[in-house]
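Before any comments, here is the structure.
Note that this is a predicted model, so its numbers are computed, not measured.
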Amino acid sequence: MRHVRDVMRLKAAGLLIREIGRRVGAVPSTVRQTIRRFEAAGLNWPLADHITDAVLEERLFAGAGTKPGQRRRAEPDWAAIASSGGCNR
């Protein structure tokens with residue numbers, strides 16, 4: 001579950017961000033972001049027994065990825081390019 005439980009367990013044990021990242025295989029910025037999401041969700045360590053991975057995922061990442069993005073440039077018309085012989089494969 002995205003190493004959230006390990007990150008929070010190691011943080012509670014007093015390890016530094018860099019060491020937590022080394023142990024879970026994540027860069028320090030990811031560890032910091034995980035801790036921020038955990039705290040912003042109003043969660044405390046240790047987690048209550050009823051908080052499953054699915055519940056944890058929903059609490060930490062609710063709404064993530066739902067913001068519509070905008071491209072700076074329009075996407076090329078790949079079908080037109082392919083039909084005109086513009087693709088050399």
Side-chain angles (χ1 to χ4, degrees):
M1 175 33 259
R2 299 186 190 196
H3 302 293
V4 173
R5 292 178 192 272
D6 291 336
V7 166
M8 297 314 298
R9 179 180 50 80
L10 294 170
K11 180 182 181 290
L15 272 68
L16 299 173
I17 299 292
R18 191 174 302 264
E19 179 61 17
I20 294 170
R22 189 186 68 73
R23 290 189 183 196
V24 300
V27 295
S29 60
T30 300
V31 173
R32 278 191 291 279
Q33 183 181 36
T34 299
I35 293 168
R36 280 191 210 117
R37 283 182 183 270
F38 191 89
E39 292 170 349
L43 297 168
N44 296 309
W45 189 259
L47 288 171
D49 291 337
H50 72 278
I51 298 184
T52 63
D53 284 350
V55 171
L56 184 57
E57 176 107 12
E58 175 62 29
R59 297 271 304 267
L60 296 180
F61 301 102
T66 59
K67 181 179 176 185
Q70 293 181 338
R71 294 180 180 257
R72 292 181 184 206
R73 295 184 219 159
E75 183 80 21
D77 185 353
W78 297 113
I81 293 170
S83 67
S84 68
C87 291
N88 296 332
R89 286 193 175 206

- Hits for salt bridge (Lys or Arg N to Asp or Glu O under 4.0 Å) against Arg9, two or more places apart or cross-chain, chain-then-number order -> Asp6
- Task: Grab the two heavy atoms, one from Trp45 and one from Arg5, that are nearest each other, plus how far apart they are.
- Result: CH2-O, 3.6 Å
- Message: Run the side chain to side chain contact (heavy atoms under 4.5 Å, CB included) test against Leu43 and tell me which residues pass, sequence neighbours left out.
- Response: Phe38, Ala41, Leu47, Ile51, Leu56, Arg59, Leu60
- Query: Mind checking what makes salt bridge (Lys or Arg N to Asp or Glu O under 4.0 Å) contact with Arg22, not counting sequence neighbours?
  - Reply: Glu19
- Task: For Ile17 and Pro28, work out which heavy atoms get closest and say how close.
- Result: CG2-O, 3.6 Å
- Item | With sequence neighbours excluded, residues passing side chain to side chain contact (heavy atoms under 4.5 Å, CB included) with Pro76 | Trp78, Ile81
- Query: Can you name the nearest heavy-atom pair linking His3 to Val24, along with the distance?
  - Reply: NE2-O, 3.5 Å
- Query: By side chain to side chain contact (heavy atoms under 4.5 Å, CB included), which residues pair with Asp49, not counting sequence neighbours?
  - Reply: none
- Find the distance between CE (Met8) and CG (Asn44) and round it off to the nearest 0.5 Å. 9.0 Å
- Query: Could you give the distance from NZ (Lys11) to CD1 (Ile35), rounded to the nearest 0.5 Å?
  - Reply: 5.5 Å
- Task: Report yes or no: do Val55 and Val4 belong to one cluster of Ile/Leu/Val/Met/Phe/Trp/Tyr joined by side chain heavy-atom distances under 4.5 Å?
- Result: yes
- Please collect all salt bridge (Lys or Arg N to Asp or Glu O under 4.0 Å) contacts where either partner lies in residues 27-36, sequence neighbours excluded, each pair once. none
